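These notes concern the structure reproduced below.
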2 protein chains.
Amino acid sequence: MGATLKDVAQHAGVSYSTVSRVLSGQPHVRPEVAARVREAAAALGYVPDGRARSLKTRRATVIGAIVTDVCQEFITPVVRAIEDVASRRGFAVLLANADDDEGKEESYAELLLQEGVAGAVVAATGDRSRAALRLAQGGVPVVAFDRRVDAVDVDSVTVDNVGGACAAVSHLLAAGYRRVALLAGLMIAGTARMRCEGFEAAHRRTGIPINRGLVVQELRTSDEAAAAAAQLLEGPRPPDAVFTTNARLAAGALAAVRSSGLRLGSDLGFVTFDDPLWTRLLECPLTTVAQPTYDIGCRAAEALFRRIDGDAGPPVHEVLETSLQVRASTMPRAPVPVSQ
Amino acid sequence: MGATLKDVAQHAGVSYSTVSRVLSGQPHVRPEVAARVREAAAALGYVPDGRARSLKTRRATVIGAIVTDVCQEFITPVVRAIEDVASRRGFAVLLANADDDEGKEESYAELLLQEGVAGAVVAATGDRSRAALRLAQGGVPVVAFDRRVDAVDVDSVTVDNVGGACAAVSHLLAAGYRRVALLAGLMIAGTARMRCEGFEAAHRRTGIPINRGLVVQELRTSDEAAAAAAQLLEGPRPPDAVFTTNARLAAGALAAVRSSGLRLGSDLGFVTFDDPLWTRLLECPLTTVAQPTYDIGCRAAEALFRRIDGDAGPPVHEVLETSLQVRASTMPRAPVPVSQ
DNA sequence: CTGAAAGCGCTAACAG
DNA sequence: CTGTTAGCGCTTTCAG
């Protein structure tokens with residue numbers, strides 16, 4: 001186990017550095033010798049030691065990715081994309097789940113720093129994420145995705161959260177819904193906050209008042225969303241539509257809708273941010289705000305590699321568009337009948 | 001950027017190795033000196049270099065995880081679990097998507113070897129995975145999960161695929177379904193193969209013949225599953241129930257069912273391996289074979305750490321149970337009416 | 001209790 | 001074209 005450069009050199013009857021040259025593809029080596037070296041390496045099952053190399057060269061072939069939770073449907077395609085472009089460049093990715101916990105986030109940043117990653121993409125918990133700051137201070141290129149960070153001005157790849165949410169809620173309002181409930185995630189996250197803003201903007205624009213009693217924030221799990229939705233639905237003045245700021249909350253809310261006996265589309269309008277496959281499988285397919293998830297990951301990773309490759313230009317902030325997928329859950333509301 | 005041990009030593013007015021001792025928590029250092037060192041380290045924003053440490057100690061704090069695809073719903077909770085237990089032990093995880101491609105799998109194994117990971121959990125593509133073998137040969141502890149590997153006898157954590165599938169199909173048969181279609185994934189994967197075996201076992205046990213025309217294998221994507229299902233459903237002798245070997249295929253098949261106009265539960269029985277949240281949200285909730293996904297990840301990671309900690313006992317193979325979640329999609333079939 | 005010194009495996013000048 | 005040499009940042013004997 002573990003042949004080293006020296007072993008290979010001995011076996012091939014050349015020096016230490018010749019082997020290094022051959023194996024790192026440098027020119028100026030007689031083909032004949034090169035062949036002998038390669039043979040020796042193969043024979044010994046030689047595997048270069050990335051740590052030693054990286055220690056010497058100050059270059060790493062690992063990047064870090066700090067995300068909120070791999071289990072979230074929105075996140076997986078972006079992780080996948082990051083991994084794809086990294087792997088295409090011969091890099092591996094160190095994955096970190098921060099769970100929207102700033103403490104975890106920081107300790108992961110520290111860990112990435114220790115591991116000497118070449119760069120990191122991070123979906124920060126809050127806007128003032130110290131993690132991104134810490135990494136940047138440590139000289140590690142950082143690009144933010146999903147959420148921007150304020151603490152330090154780094155590249156970012158996000159979507160137009162306000163616009164997406166506003167379009168969704170405007171669509172609901174235009175379809176005749178008047179009492180739209182808002183089920184939102186943690187306000188520490190810029191995404192949730194901006195989606196709430198979009199919700200407000202849509203109301204403002206159309207002059208329809210927001211029913212504060214129908215706004216529930218700081219929802220973390222789908223169970224919490226289910227409970228909140230149930231309470232609203234059973235309340236004295238229930239909503240006639242629901243907007244959720246992410247798919248996880250949507251799943252919870254839908255469970256509550258199901259047990260309320262209300263029928264989506266006819267009795268209750270529904271739109272959610274995020275567009276997982278299953279929204280199309282429901283009896284009443286869901287209208288959604290789709291994000292270009294895979295593309296977000298690609299662009300974030302590409303931006304990172306641009307920095308790793310030495311680009312020192314001013315930070316660039318890419319804002320991608322969402323697209324409203326209109327489906328049956330927001331069919332135009334029949335006007336309230338005048339007479340029974 | 002990048003204060004080193006030497007810098008800290010200078011700053012604190014002590015020697016090189018004293019700093020090392022303090023920072024790695026060794027005893028035999030005067031508290032007073034230790035405090036001064038710690039101060040200096042903090043002041044300089046010192047971050048230990050994991051690579052250098054690992055190079056010297058031959059111990060790493062990174063483990064690798066080779067999976068098929070993070071986007072698969074089954075996989076995310078297990079990745080999450082692996083990450084959770086690793087992080088609890090101060091380890092990070094290097095994630096690799098092999099996509100059921102043996103080439104990719106091997107090159108990732110090589111990469112993990114180069115990075116000097118302390119160990120790796122791998123969901124191998126085929127039974128004869130050279131990746132696991134390569135890692136094991138390189139002296140890296142390996143534990144297989146989801147699928148066992150034959151090429152080398154390492155610990156494994158899997159579920160009873162044959163039993164789970166057999167239970168599901170037996171349930172279908174007992175409920176009166178007689179023409180059960182089988183939509184299966186890649187036969188190179190032991191999981192798919194064993195689930196097919198379960199399908200056969202259930203038929204064998206009940207004496208009901210398998211309709212070979214209703215068996216479709218080597219399905220990769222949900223679109224392929226949709227196409228296969230559509231073809232079956234529109235054929236001359238359509239199935240009266242469908243069993244899919246994973247959630248991805250189920251989603252595709254369901255799309256086909258939806259456009260066929262057939263009603264789940266009443267017109268067509270349906271069971272799938274895997275139990276994502278959304279199966280409960282459908283108009284007709286799905287009967288499923290649930291795997292203890294998070295638990296699989298935990299046990300795999302724990303087994304790995306046992307090896308990393310030096311356990312040299314014989315390989316242990318944990319086989320976890322699946323559980324059949326009976327829901328509306330398999331309601332007992334009404335006997336065919338004798339007269340109209 | 002603390003310092004000096006020898007490498008871990010590798011690369012990158014610098015000589016030959 | 002090839003060999004020698006000096007470290008990268010750290011841990012770890014071995015002396016004091």
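Remember, predicted model here, so these are calculated numbers, not experimental data. Quick note on labels: first sequence line is chain A, next is B, and so on, each numbered from 1.
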Any heavy-atom pair between the side chains of B:Thr68 and B:Thr125 that's under 4.5 Å? no

Ranking C:dG3, D:dT12, D:dG3 by distance to the side chain of B:Arg59, first place goes to D:dT12

Taking 4.0 Å as the cut-off, does a side-chain nitrogen or oxygen of B:Arg58 come that near to OP1 or OP2 on C:dG9? yes

What's the closest nucleotide to the A:Thr4 side chain, out of D:dG9, C:dT2, C:dG9? C:dG9

If you check the B:Arg53 side chain, which of D:dG9, D:dT11, C:dA4 turns out closest? D:dT11

Value in whole Å for how far the C1' atom of C:dC1 lies from CD of B:Glu32: 12 Å

Without decimals, in angstroms, what is the distance between B:Lys6 NZ and D:dC8 C1'? 10 Å

Which of these nucleotides, C:dC10, D:dT11, D:dG9, is closest to any side-chain atom of A:Pro48? C:dC10

Please figure out whether B:Ala52 or B:Thr18 has its closest DNA chain C nucleotide nearer the 5' end. B:Thr18

With a 4.0 Å cutoff (strictly under), does any side-chain N or O of A:Ser20 reach OP1 or OP2 of C:dC10? no

Any side-chain heavy-atom pair of B:Val85 and B:Phe91 under 4.5 Å: no

Closest to the B:Ser15 side chain, choosing from D:dG3, D:dG9, C:dG3: C:dG3

Respond yes when some side-chain nitrogen or oxygen of A:Ser17 is under 4.0 Å from OP1 or OP2 of D:dG3, and no when none is. no

Separation of atom CG in A:Asp49 from atom P in D:dC10, rounded to whole Å: 16 Å

DNA chain C: 5'-proximal contact among A:Thr57 and B:Gly13 (nearest heavy atom): B:Gly13

Are A:Val62 and A:Glu115 close enough that some pair of their side-chain heavy atoms sits under 4.5 Å apart? no

I want to confirm an ordering. Mapping A:Arg21 and B:Lys56 to their closest nucleotides on DNA chain D, which one lands closer to the 5' end? A:Arg21

What is the distance, to the nearest angstrom, from the CG atom on A:Leu55 to the C1' atom on C:dT11? 10 Å

Phosphate oxygens OP1/OP2 of D:dT2: is one of them under 4.0 Å from a side-chain N or O of A:Arg30? yes

Atom CZ of B:Arg36 to atom C1' of C:dC1: distance rounded to whole Å? 13 Å

With the threshold set at 4.0 Å, does a side-chain nitrogen-carboxylate oxygen contact exist between A:Asp49 and B:Arg58? yes

Atom pair distance, as rounded to whole Å: CD in B:Gln114 and C1' in C:dG9: 13 Å

What I want to find out is whether A:Asp127 reaches A:Arg193 closely enough, with some N-O distance under 4.0 Å, to be called a salt bridge. yes

